[in-house]
Amino acid sequence: MALVLSTKNKDFFEQVYQVVRLIPSGRVTSYGAIANYLSVKSAARMVGWAMNASHAHLDIPAHRVVNRIGLLTGQHHFDSPNRMQELLISEGVEVENNLVIDFTKLFWDPMLELNLD
DNA sequence: AGCATGACGAACA
DNA sequence: GTGTTCGCCATGC
């Protein structure tokens, strides 16, 4: 594995994975929202990094994580360029032109969802 | 050590 | 409302 992670961001990665695993099927969230939830507000890019490394973790629904406007920016990192969109559609998420329809409606904010009882 | 890049996001112009 | 710039922080060259 080319990625050699320091203890610091290794912990960060694990936290990201934990949150991503909690995303319900048919819902989506953003990199920034996860970063914000982890109190690393300006580390949205690091969340994307974590997802890139999520290849080692088979139970990470990375397709449910898109950018702040609902764009499937990570589609190219899947097996097939269309894989991410297909996975979302199979869960009932409408996707058109790599953009999640009704993104704000399907948006799953860990900050809210995990704090509210 | 410096420079470029990236699954991002917010602030400006 | 669109395009550009900057901040963020880890990685690769």
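Lettering follows sequence order; numbering is per chain, from 1.
Atom CZ of A:F107 is separated from atom P of B:dC8 by 15 Å (rounded to the nearest Å). Remark: C1' of C:dG1 and CD1 of A:I69 are 13 Å apart, rounded to the nearest angstrom. Distance, A:L72 CG to B:dC8 P: 11 Å, rounded to whole Å. What separates CE of A:M46 from P of B:dG9 is a distance of 12 Å, to the nearest Å. The CG atom of A:L71 sits 16 Å away from the P atom of B:dG6 (whole-angstrom rounding). At whole-Å resolution of the value, CD in A:Q75 and P in B:dC8 are 12 Å apart. Atom CG of A:N36 and atom C1' of B:dA10 are 13 Å apart (whole Å). For the pair A:F12 CZ and B:dC8 C1', the computed distance is 11 Å after rounding to whole Å.
Residue A:S30 has no polar side-chain atom (N or O) positioned under 4.0 Å from OP1 or OP2 of B:dC8.
If you take atom P in C:dG1 and the same atom in B:dC8, they sit 23 Å apart, rounded to whole Å.
Comparing B:dG9, B:dA7, C:dT11 against the side chain of A:H77 picks out B:dA7 as the nearest. For A:M51, taking side-chain heavy atoms from C-beta onward, the closest of the listed nucleotides B:dA7, B:dC8, C:dC9 is B:dA7.
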I'd like a list of close polar pairs between nucleotides 3-7 of chain C and the protein, N/O only, cut-off under 3.5 Å.
from: C:dG7; atom 1: O6; to: A:R45; atom 2: NH1; distance (Å): 3.0

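Distance alone, capped at 3.5 Å, places no donor-acceptor pair between the A:Y37 side chain and the A:L112 backbone. Not one N or O on the side chain of A:R68 forms a donor-acceptor pair closer than 3.5 Å with the backbone of A:G32.
Using a 4.5 Å heavy-atom cutoff, the side chains of A:I23 and A:V28 are not in contact. Between A:N67 and A:S30 there is no side-chain heavy-atom pair separated by less than 4.5 Å. With contacts defined as side-chain heavy-atom distances shorter than 4.5 Å, the pair A:V20/A:V65 qualifies.
The number of heavy atoms from other shown groups lying within 6.0 Å of NE2 (A:H76) does not exceed 12.
Counting any heavy atom pair closer than 4.0 Å across all strands shown, A:A62 reaches a base atom.
Aromatic ring orientation, A:H63 versus A:F78: perpendicular (interplanar angle above 60°, classes split at 30° and 60°).
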